[in-house]
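Both counts, for ligands and for their atoms, begin at 1 and track the order of listing. For the single chain, residues carry numbers from 1 onward in sequence order.
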Amino acid sequence: MAYRAPKALVEDGPGPQSASNKDPLIVDVEFTESEEIAGSPILDSVESVRTKKASSPMELPMSLPTPEGRARVVTVINQKGGVGKTTTVINVASQLGLRGYRILVVDADSQGNCATGLGVDKSRVKTTTRDLILNPETAVNARHATAVDNVHMIVGDKTLIGLEQEMLRQLGRERRLSEALSPLLPHYDLILIDTPPSLGIVSVNALVASDGIIVPVQTEYFALEGLALLSGTVREVRALLNPSLGVDGVLMTMHAPTTLNQQVASELREAFPQLMVEPAIRRNIRLAEAPSHGVPIHLHEPNSSGGQDYRDVVSVLERRWGLRE
Ligand SMILES: Nc1ncnc2c1ncn2[C@@H]1O[C@H](COP(=O)(O)OP(=O)(O)O)[C@@H](O)[C@H]1O
Ligand SMILES: [Mg+2]
């Protein structure tokens, strides 16, 4: 697989000219292959740049099945903005709602776009995701009906900005969302959490509450580098807070038939053969315009390519999540 290192790393890091350098911390091949330091993120990245190959920082653990009798909790996450997280939450939730599953969407992003896309009037909402994180017992009364049957949601809004600072002194701050969602679990088949484009405390709350994550990636330059960063966070959360967190799928979004898109897609398929969710979601203007009508793609233009792709993806996820045999 062709690994494309970030430019700064190539320029500042040890290039081929330093291969003769005797400093073992940087380029000694035998040293980097020894057992003690295999898995060191710094050395792995140095080695991967040197050999132009992606290595272990990219490993993503697969998730476990959902325990019987309760909702699966899934966070849609990528610290990069504009990769299709919110679009994926809205349309996966809606398509499953249309298939008769009981779905709860929790918007943990201060932009609050899930409400718009699901036809919820934010100005009438009193209890938001922020309240839920600060006071987990408010969860039951924070839910709203949406434009789609069977899909409920808890609205995110700009009051989530600043929450990170406010929570700095709070004990158990990573588990608030998990506590809040716990009484709701028996009442849904799936709880889908939308996240902000960062890996701060709100995103960590979502990961701690989750069984699995879906990672939307745009098939563009640096897709793999972004995943390496995210996989570091997943590993930390698993080690410290939620050992059963795993990856439910990597979903390619805004895919177009360009050479670059195709090349990145094949690199992703090679890196994560078990985790890819096919098909890739094609770039489709209908997906972008649906939120302005306050409805998901399946109530806007169900037969558009975006409508078809999300339907197909949901069929794969339905099986992967054990919703259907
Ligand atoms: N497959 C797609 N084709 C065309 N536009 C898309 C597609 N997916 C998302 N968009 C648009 O791209 C923008 C960013 O998507 P969004 O889902 O908001 O990303 P994120 O939540 O990761 O920031 C939005 O305007 C959205 O409507
Ligand atoms: Mg978003």
Side-chain angles (χ1 to χ4, degrees), residues 74-95 105-120 122 128-130 146-147 153-158 160-161 163 192-200 202-203 205-207 213-220 222-223 225-227 229-230 233 249-258 260-262 264-265 268 276-314 316-317:
V74 177
T75 290
V76 177
I77 190 164
N78 185 331
Q79 71 280 0
K80 201 159 179 269
V83 296
K85 291 185 289 296
T86 301
T87 306
T88 297
V89 168
I90 291 170
N91 293 306
V92 168
S94 300
Q95 179 56 217
V105 168
V106 179
D107 190 352
D109 184 10
S110 61
Q111 292 179 61
N113 292 338
C114 288
T116 321
L118 287 166
V120 175
K122 270 190 279 188
T128 64
T129 304
R130 171 202 155 87
T146 69
M153 84 164 294
I154 296 172
V155 170
D157 68 353
K158 54 185 183 311
L160 279 163
I161 301 170
L163 189 58
L192 208 50
I193 308 175
D194 193 15
T195 52
S198 69
L199 297 174
V202 172
S203 294
N205 260 272
L207 293 176
I213 62 173
I214 293 286
V215 189
V217 288
Q218 223 178 322
T219 45
E220 299 281 354
F222 295 135
E225 282 77 4
L227 282 178
L229 186 63
L230 179 60
T233 303
V250 175
L251 174 65
M252 297 178 282
T253 59
M254 296 183 226
H255 191 60
T258 66
L260 175 63
N261 281 191
Q262 307 284 8
V264 174
L268 285 164
M276 299 312 293
V277 185
E278 303 282 357
I281 307 291
R282 286 168 282 180
R283 190 173 277 284
N284 178 225
I285 188 70
R286 302 282 173 246
L287 284 168
E289 71 192 15
S292 66
H293 299 270
V295 288
I297 193 68
H298 303 108
L299 297 181
H300 176 56
E301 287 276 351
N303 295 324
S304 59
S305 63
Q308 277 170 32
D309 293 343
Y310 272 109
R311 254 198 319 276
D312 292 346
V313 155
V314 163
V316 172
L317 292 175

* Asked: With a 4.0 Å cut-off on heavy atoms, is G84 touching ligand 1?
  -> yes
* To do: Would you mind checking which non-hydrogen protein atom is closest to atom 9 (C) of ligand 1, with the distance to 0.1 Å?
  => T87 OG1, 3.3 Å
* Numbering the atoms of ligand 1 from 1, which are under 4.0 Å from a heavy atom of N284? -> 2 (C), 3 (N), 4 (C)
* To do: Would you name the heavy atoms of G249 and V277 that are closest together and state the gap between them?
  => CA-CG2, 3.7 Å
* Counting only N and O atoms by type, is there a donor-acceptor contact under 3.5 Å from the side chain of N78 to the main-chain atoms of P216? -> yes
* Asked: Hey, are the side chains of R283 and Q218 touching, using non-hydrogen atoms and a 4.5 Å cut-off?
  -> yes
* To do: Heavy-atom contacts with L287 under 4.0 Å: which atoms of ligand 1 show up? List them by number with element.
  => 1 (N), 2 (C)
* Give a yes or no on whether atom 24 (C) of ligand 1 lies under 4.0 Å from any heavy atom of the protein. => no
* Under 4.0 Å from any heavy atom of I281, which atoms of ligand 1 are there? -> 1 (N)
* Could you establish whether G82 and ligand 1 come within less than 4.0 Å of each other, counting only heavy atoms on the residue side? => yes
* I285 N/O to ligand 1 N/O under 3.5 Å -> no
* Structure fact -> Nearest heavy-atom approach of D107 to T129 is O-OG1, 2.7 Å
* Asked: Is there a donor-acceptor pair closer than 3.5 Å between any side-chain N or O of T253 and the backbone N or O of V83?
  -> yes
* Sub-4.0 Å protein heavy atom near atom 13 (C) of ligand 1 -> no
* **Neighbouring protein N, O or S atoms of the Mg ion (ligand 2) [cut-off: under 2.8 Å, no waters]** => T86 OG1
* Structure fact -> re atom 7 (C) of ligand 1, the protein heavy-atom contact at minimum distance is M254 CG, 3.5 Å
* Around atom 1 (N) of ligand 1, find the nearest protein heavy atom and jot down its residue, atom name and distance. => R282 O, 3.0 Å
* For the residue pair L317 and I214, establish whether any side-chain heavy-atom pair is separated by less than 4.5 Å. => yes
* Asked: Taking both backbone and side-chain atoms of N113, is any N or O found less than 3.5 Å from an N or O belonging to ligand 1?
  -> no
* Going by distance only, is there an N or O of K85 that falls short of 3.5 Å from an N or O of ligand 1? -> yes
* Heavy-atom pair with the smallest gap, counting every atom of A265 and H255 -> CB-CE1, 3.8 Å
* Locate the shortest heavy-atom distance separating H298 from G307; write the atom from each residue and the value. => NE2-O, 3.2 Å
* **I77 side chain near L199 side chain, heavy-atom distance below 4.5 Å** => yes
* Compute the shortest N/O to N/O distance between T86 and ligand 1 and return yes if it is under 3.5 Å, no if not. => yes
* Structure fact -> Numbered in order shown, the ligand 1 atoms found under 4.0 Å of a heavy atom of A288 are 5 (N), 27 (O)
* Asked: Looking only at heavy atoms, which two atoms of A290 and P296 are closest? And how far apart?
  -> CB-C, 4.2 Å
* I297 and S304, any side-chain heavy atoms less than 4.5 Å apart -> yes
* Asked: Hey, does V83 come in under 3.5 Å of ligand 1, counting only N/O atoms on both sides?
  -> yes
* Over all atoms of both residues, closest heavy-atom pair of L160 and S110 -> CD1-N, 3.8 Å
* Would you say the side chain of R282 lies within less than 4.5 Å of the side chain of Q308, judging by non-hydrogen atoms? -> yes
* From N113, T116, D109, D194, residue fulfilling side-chain hydrogen bond (donor to acceptor under 3.5 Å, both in side chains) relative to T86 -> D194
